[in-house]
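Report on the structure given below.
Small disclaimer: the values here were computed from a predicted structure and weren't measured. Here is the naming used below: chain letters follow the sequence lines, and residue numbers restart at 1 for every chain. Hydrogens, waters and symmetry mates play no part in the numbers below; they use all other heavy atoms, side chains included.
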2 protein chains.
Amino acid sequence: MIGRRKPRLGQVEGAMRRMSDGVEAALHCALVLAGLPPGRVLTGKSLAALHGLSDSYLLKHLRALAEAGVIEAVPGPRGGYRLARAPAAISLLDIVAAIDGTEPAFTCREIRRRGPGKAKEPCVYKTDCFIKTRMLAAEQAWRSALQGQTLQDLVADGDRLIDPQNKAAVARFVQDEQR
Amino acid sequence: MIGRRKPRLGQVEGAMRRMSDGVEAALHCALVLAGLPPGRVLTGKSLAALHGLSDSYLLKHLRALAEAGVIEAVPGPRGGYRLARAPAAISLLDIVAAIDGTEPAFTCREIRRRGPGKAKEPCVYKTDCFIKTRMLAAEQAWRSALQGQTLQDLVADGDRLIDPQNKAAVARFVQDEQR
């Protein structure tokens, strides 16, 4: 029998589809790193301070981004993080997947096999349940939408939309903190 | 400072985007209810037994479906559940939203406002962050994909794809259990 998973503290019961809040942090950090001059890096500590986040919180997400090949960690006393490839070659999906994983949101537990009189032979279930197929296809629409947008799009958005004061504040900080 | 939300037991750290498993149960139950003759109902207990689920687990989701107006609860000693409207008028989004809520998956905590030198005036932030805008637009693609598919599509899938033994097992059970 499938029991009920308790909702996490502070989360509306049933609304279990919340994306890791690390995604927001990762996107913002990637955007800042896109503004670094070639060959320069920013430390995790600097990125955390720039975004008002705790070091330990952000470092975990930066590590995930590095593991996924979105950013690279340059080791050593003058080390830090930089993008692993050009902004145009990094999709929003790359960043989201690095933090949030690639597992589908839809949970299929093969309910179709359960209950009185159901067939037991595996061959009856060799293709996915059509419910699962449709749900995964809908998620693919979301995934494609993210895949079709890049960090370069965010850079262009930023140039166009970020308030001059904030733009200057970030530029100043990056100038002072880059290695 | 934003701290890290602990991953739920059994869930891969970072993969926090899992949809409530109640969605699968709700979709299967809605499909079974779509096969009821007019005026007939099935009890929550029957639906649970048919899907090999515990009563308490399923009843919560059936209540959510009823609250959302997808199914209706007929009270009384011969009471039970039936669809609230025709299968063609129930989208997959209606069912998913009833169980999983309508909150976006993307969590925006307005990181853009944090950090040294950032503007404090609210008017600077009167439009959404472009990162949030893009993320929500991607989710809308998913939502639209779900909205464009109905329970009637699942009925048609079922007629075409469900193994004859399973189709017969469900029909037999529904025949015996309907009120």
Relative to chain B, which segment of [X] carries a heavy atom at a distance below 4.5 Å: side chain, backbone, both, or neither?
X: Gln147(A); answer: neither
X: Phe173(A); answer: side chain
X: Leu31(A); answer: side chain
X: Leu92(A); answer: side chain

For each of [options], tally heavy-atom pairs with chain A at distances under 4.5 Å, and name the one with the top tally.
options: Arg172(B), Met135(B), Lys132(B); value: Met135(B)
options: Gly22(B), Pro116(B), Cys129(B), Ala137(B); value: Pro116(B)
options: Arg134(B), Arg112(B), Arg113(B); value: Arg134(B)
options: Gln140(B), His28(B), His51(B); value: His28(B)
options: Leu146(B), Ile162(B), Asp153(B), Thr127(B); value: Asp153(B)

If only atom types and distance count, is the side chain of [X] paired as donor or acceptor with the main-chain N or O of [Y] below 3.5 Å?
X: Glu24(B); Y: Arg109(A); value: yes
X: Asp21(A); Y: Thr107(B); value: no
X: Gln152(B); Y: Ala89(B); value: no
X: Tyr125(B); Y: Ala119(B); value: yes
X: Lys167(A); Y: Asp163(A); value: no

* Test side-chain contact (heavy atoms from CB on, under 4.5 Å) on Ser20(B) and His61(B) and set out the steps. => CA-CA 10 Å; Ser20(B) 164; His61(B) 296 307; 4.0 Å; yes
Contacting region of [X] [heavy-atom separation from chain A under 4.5 Å]:
X: Leu161(B); value: side chain
X: Ala168(B); value: neither
X: Ala49(B); value: backbone
X: Arg160(B); value: neither

* **From Arg82(B) atom CZ to Gln178(B) atom CD, the distance as rounded to the nearest 0.5 Å** =>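 Output value for this atom pair is 12.5 Å.
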* To do: Using a 4.5 Å cut-off on heavy atoms from C-beta on, say whether the side chain of Val23(A) contacts that of Phe106(B).
  =>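 Contact flag for Phe106(B)/Val23(A) side chains = yes.
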* **Pairs of heavy atoms under 4.5 Å with chain B: top-ranked of Val96(A), Ile131(A), Val170(A)** =>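 Option with the top pair count is Ile131(A).
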* Of the listed residues (Gly158(A), Ala98(A), Ala64(A)), which shares the most heavy-atom pairs with chain B below a 4.5 Å separation? ->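 Maximum pair count with chain B is reached by Gly158(A).
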* Shared hydrophobic cluster for Leu27(B) and Tyr57(B) (ILVMFWY, side-chain gaps under 4.5 Å) ->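 Yes, one cluster joins them.
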* To do: State whether Arg85(B) and Asp94(B) are salt-bridged, where the test is any N-O pair (Lys NZ or Arg NE/NH1/NH2 against Asp/Glu carboxylate O) under 4.0 Å.
  =>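 Between Asp94(B) and Arg85(B) there is a salt bridge, with a charged N closer than 4.0 Å to a carboxylate O.
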